[in-house]
*Asks:* 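Below is a structure I'd like to ask you about.
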Amino acid sequence: MAGSSRKKLLLMGRSGSGKSSMRSIIFSNYSAFDTRRLGATIDVEHSHLRFLGHMTLNLWDCGGQDVFIDNYFSTQKDHIFRMVEVLIHVFDVGSKKLAKDIDIFQKCIKNLREFSPDAKVFVLLHKMDLMQLNKRDEIFNTMMKTLEEHAVPFGFTIRGFQTSIWDESLYKAWSSIVCSLIPNMTAIQNHLKSFAEISEAQEAVLFEKTTFLVISHASATAEGDENLDPKRFEKISNIIKTYKQSCSKMKSQLKRLTLHGHNCSAYIDNLTGNTFIMVVMPPREAHEGTFCDDDGSVIVTNIRAAREWFE
Ligand code: GTP
Ligand code: MG
């Protein structure tokens with residue numbers, strides 16, 4: 001994971017759609033409750049975030065009040081839309097001004113086409129918690145169809161997510177966004193797969209250390225297992241991130257965590273300076289004589305041995 005690279009991410013969308021909230025939760029350890037005290041963003045707020053050691057995410061959180069948006073599309077357009085790697089457009093699904101929201105999206109796409117035609121485009125249909133559970137997919141599909149109609153003529157394919165700060169959905173979306181920026185993803189994926197096979201793990205999951213976003217996961221046995229919760233990765237991100245925050249309030253740091261359940265044991269440990277790994281082992285009796293000891297010392301040794309693959 002050597003070399004250094006800066007990636008510009010534009011966070012766009014109308015005022016109040018939730019841009020600064022999600023940024024603060026994922027990158028600045030805010031809880032969902034903390035976001036209520038955020039004020040409207042004035043102009044553009046820049047954050048520079050180290051990610052996986054070698055990558056710097058330059059997050060441009062663009063205030064969404066009309067006066068600022070007008071400037072992005074006129075006097076500032078070159079400055080805003082040049083060298084963009086990723087556009088993350090946030091929509092408030094409960095917005096009463098849908099036509100205006102779409103108009104802003106279309107203008108973003110037009111400018112992106114001019115200044116950063118190779119950028120990736122993600123749309124987050126946000127505040128889904130405010131919609132009835134049984135209506136969410138329908139709302140999402142209808143909106144995605146409309147947005148695609150606006151993006152495709154400009155040569156962009158878009159990826160969309162339903163998100164809310166009140167559940168783990170935000171982690172899934174942001175994991176996909178940052179993973180799209182990691183250049184050596186295939187190598188990471190292959191190393192993790194080998195690690196899972198050699199350790200005879202049910203599953204191995206790689207997390208970025210500060211955000212706890214999932215970078216990759218591999219499985220020797222769990223793939224396609226319908227009994228497993230498909231949202232398990234983002235749920236773990238959410239739970240461990242909250243746990244880490246509790247640890248830091250008590251002036252301690254999460255270093256290693258072992259959990260024993262009926263069906264498996266999970267070991268969470270530092271892998272490299274920038275990553276944590278979670279190794280899920282089958283129950284002991286299913287694994288007699290192999291790697292699943294109670295205190296996890298064999299797993300810890302395996303993790304240590306695998307470290308150099310991921311450095
Ligand atoms: P500007 O800076 O003016 O462009 O707004 P913004 O897009 O940054 O909005 P901000 O993050 O400040 O959020 C506005 C309000 O929406 C805050 O009170 C948040 O608590 C709330 N909010 C953010 N995300 C969600 C969500 O997923 N669900 C619900 N119900 N409220 C949310
Ligand atoms: Mg804001």
*Asks:* Applying ring-ring contact (aromatic ring centres under 6.0 Å, His included), can you list everything that pairs with Phe156, at least two apart in sequence or on another chain?
*Replies:* none
*Asks:* Do Val205 and Ile277 have side-chain heavy atoms sitting under 4.5 Å apart?
*Replies:*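 When only atoms from C-beta onward are counted, Ile277 and Val205 do not touch, as no gap falls below 4.5 Å.
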*Asks:* Taking only residues at least two apart or on different chains, which pairs with a member in residues 261-282 satisfy salt bridge (charged side-chain N to carboxylate O under 4.0 Å, His left out)?
*Replies:*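 Qualifying pairs: Arg256-Asp269.
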*Asks:* Taking side-chain hydrogen bond (donor to acceptor under 3.5 Å, both in side chains) as the definition, give me every residue that meets it alongside His46, ordered by chain and number, with sequence neighbours left out.
*Replies:*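 With neighbours one apart ignored, the set is empty.
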*Asks:* What I'd like to find out is whether the side chain of Leu112 reaches to under 4.5 Å of the side chain of Val84, using heavy atoms alone.
*Replies:* yes
*Asks:* My understanding is that only residues two or more places apart in sequence, or in another chain, count here; which of them pass salt bridge (Lys or Arg N to Asp or Glu O under 4.0 Å) with Lys77?
*Replies:*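 Not a single residue meets the salt bridge (Lys or Arg N to Asp or Glu O under 4.0 Å) criterion with Lys77.
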*Asks:* List the residues meeting side-chain hydrogen bond (donor to acceptor under 3.5 Å, both in side chains) with Lys231, not counting sequence neighbours, and say none if there are none.
*Replies:*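 For Lys231, no residue satisfies side-chain hydrogen bond (donor to acceptor under 3.5 Å, both in side chains) once neighbours in sequence are set aside.
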*Asks:* Taking only residues two or more places apart in sequence, or in another chain, which ones meet Phe27 in a ring-ring contact (aromatic ring centres under 6.0 Å, His included)?
*Replies:* Trp174
*Asks:* Give a yes-or-no answer on whether the side chains of Ser169 and Ser164 include a donor-acceptor pair shorter than 3.5 Å.
*Replies:*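 Ser169 vs Ser164: no donor-acceptor pair found between side chains.
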*Asks:* Does the side chain of Gln189 pick up a donor-acceptor pair with the side chain of Ser216 at under 3.5 Å?
*Replies:*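 Judged by distance alone, the side chains do pair up.
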*Asks:* With sequence neighbours left out, write down each residue that passes ring-ring contact (aromatic ring centres under 6.0 Å, His included) with Phe207, or none if nothing qualifies.
*Replies:*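 With neighbours one apart ignored, the set is Phe212.
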*Asks:* Would a hydrophobic clustering, with Ile, Leu, Val, Met, Phe, Trp and Tyr connected at side-chain separations under 4.5 Å, put Met144 with Leu98?
*Replies:* yes
*Asks:* Verify whether one side chain among Thr56 and His48 offers a donor that lies under 3.5 Å from an acceptor in the other.
*Replies:*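 The answer is no; no qualifying pair exists.
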*Asks:* For the residue pair Gln253 and Cys247, establish whether any side-chain heavy-atom pair is separated by less than 4.5 Å.
*Replies:* no
*Asks:* Decide yes or no for Leu206 and Phe276: does some side-chain heavy atom of the first lie under 4.5 Å from some side-chain heavy atom of the second?
*Replies:*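 Side-chain contact under 4.5 Å: no.
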*Asks:* Measure the shortest side-chain to side-chain distance between Thr35 and Ile25 over non-hydrogen atoms and say whether it is less than 4.5 angstrom.
*Replies:* yes
*Asks:* Are there over 12 heavy-atom neighbours, none belonging to Lys172, within less than 6.0 Å of that residue's NZ?
*Replies:* no
*Asks:* Is there a side-chain contact between Phe81 and Leu10 (heavy atoms, below 4.5 Å)?
*Replies:* yes
*Asks:* Among all residues two or more places apart in sequence or in another chain, which pass the side-chain hydrogen bond (donor to acceptor under 3.5 Å, both in side chains) test with Lys8?
*Replies:*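 Per chain and number, Lys8 pairs via side-chain hydrogen bond (donor to acceptor under 3.5 Å, both in side chains) with no residue.
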*Asks:* Taking the inter-plane angle between the rings of Tyr267 and His260 on a 0 to 90° scale, is it parallel (under 30°), tilted (30 to 60°) or perpendicular (over 60°)?
*Replies:*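 Correct class here is perpendicular.
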*Asks:* Applying a strict under-4.5 Å side-chain criterion to I, L, V, M, F, W and Y, I'd like to know whether Ile215 and Val86 cluster together.
*Replies:* yes
*Asks:* Are Val93 and Ile102 connected into the same hydrophobic cluster when the rule is that any two of I, L, V, M, F, W, Y join if their side-chain heavy atoms are below 4.5 Å apart?
*Replies:* yes
*Asks:* For His191, check ring-ring contact (aromatic ring centres under 6.0 Å, His included) against everything at least two apart and list the hits.
*Replies:* Trp309, Phe310
*Asks:* Tell me, please, which residues at least two apart from Asn29 pass side-chain hydrogen bond (donor to acceptor under 3.5 Å, both in side chains).
*Replies:* none
*Asks:* Using salt bridge (Lys or Arg N to Asp or Glu O under 4.0 Å), reason through Lys19 and Asp61 one step at a time and then give a plain yes or no.
*Replies:* CA-CA 7 Å; Lys19 303 177 294 298; Asp61 178 358; 5.3 Å; no
*Asks:* Once the angle between the rings of Trp166 and Phe33 is folded into 0 to 90°, is it parallel (under 30°), tilted (30 to 60°) or perpendicular (over 60°)?
*Replies:* perpendicular
*Asks:* Output yes when Glu85 and Arg6 qualify as a salt bridge under the 4.0 Å nitrogen-oxygen rule, no when they do not.
*Replies:*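 No salt bridge links Glu85 with Arg6.
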*Asks:* In this structure, would Val178 and Met22 fall into the same cluster of hydrophobic residues linked by side-chain contacts under 4.5 Å?
*Replies:*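 Cluster IDs for Val178 and Met22 match.
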*Asks:* As a quick check of understanding, evaluate salt bridge (Lys or Arg N to Asp or Glu O under 4.0 Å) for Glu197 and Lys193, giving each step before the final call.
*Replies:* CA-CA 6 Å; Glu197 281 166 9; Lys193 195 160 184 289; 3.3 Å; yes
*Asks:* Find out whether Leu9 and Asn58 are in side-chain contact, i.e. whether some heavy atom of one side chain is under 4.5 Å from a heavy atom of the other.
*Replies:*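 In short, these two side chains do not touch, never coming nearer than 4.5 Å.
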*Asks:* Considering only heavy atoms from C-beta outward, does the side chain of Val121 approach that of Ile109 to under 4.5 Å?
*Replies:*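 Yes, at least one pair of side-chain atoms sits under 4.5 Å.
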*Asks:* Does the side chain of Thr210 pick up a donor-acceptor pair with the side chain of Glu208 at under 3.5 Å?
*Replies:* yes
*Asks:* Once salt bridge (charged side-chain N to carboxylate O under 4.0 Å, His left out) is applied, what residue pairs with a partner in residues 121-136 remain, sequence neighbours excluded?
*Replies:*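 Sorted pair list: Asp92-Lys127.
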*Asks:* Which pairs count as salt bridge (charged side-chain N to carboxylate O under 4.0 Å, His left out) when at least one residue sits in residues 95-122, sequence neighbours excluded?
*Replies:*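 For residues 95-122, and leaving out neighbouring residues, the salt bridge (charged side-chain N to carboxylate O under 4.0 Å, His left out) pairs sorted by first residue read Arg14-Asp101, Asp66-Lys100, Asp103-Lys107.
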*Asks:* Please evaluate residues Phe233 and Tyr171 with respect to the criterion ring-ring contact (aromatic ring centres under 6.0 Å, His included), reporting the C-alpha separation (whole Å), side-chain torsions for both, the decisive distance (0.1 Å), and the verdict.
*Replies:* CA-CA 9 Å; Phe233 303 117; Tyr171 286 89; over 10 Å; no
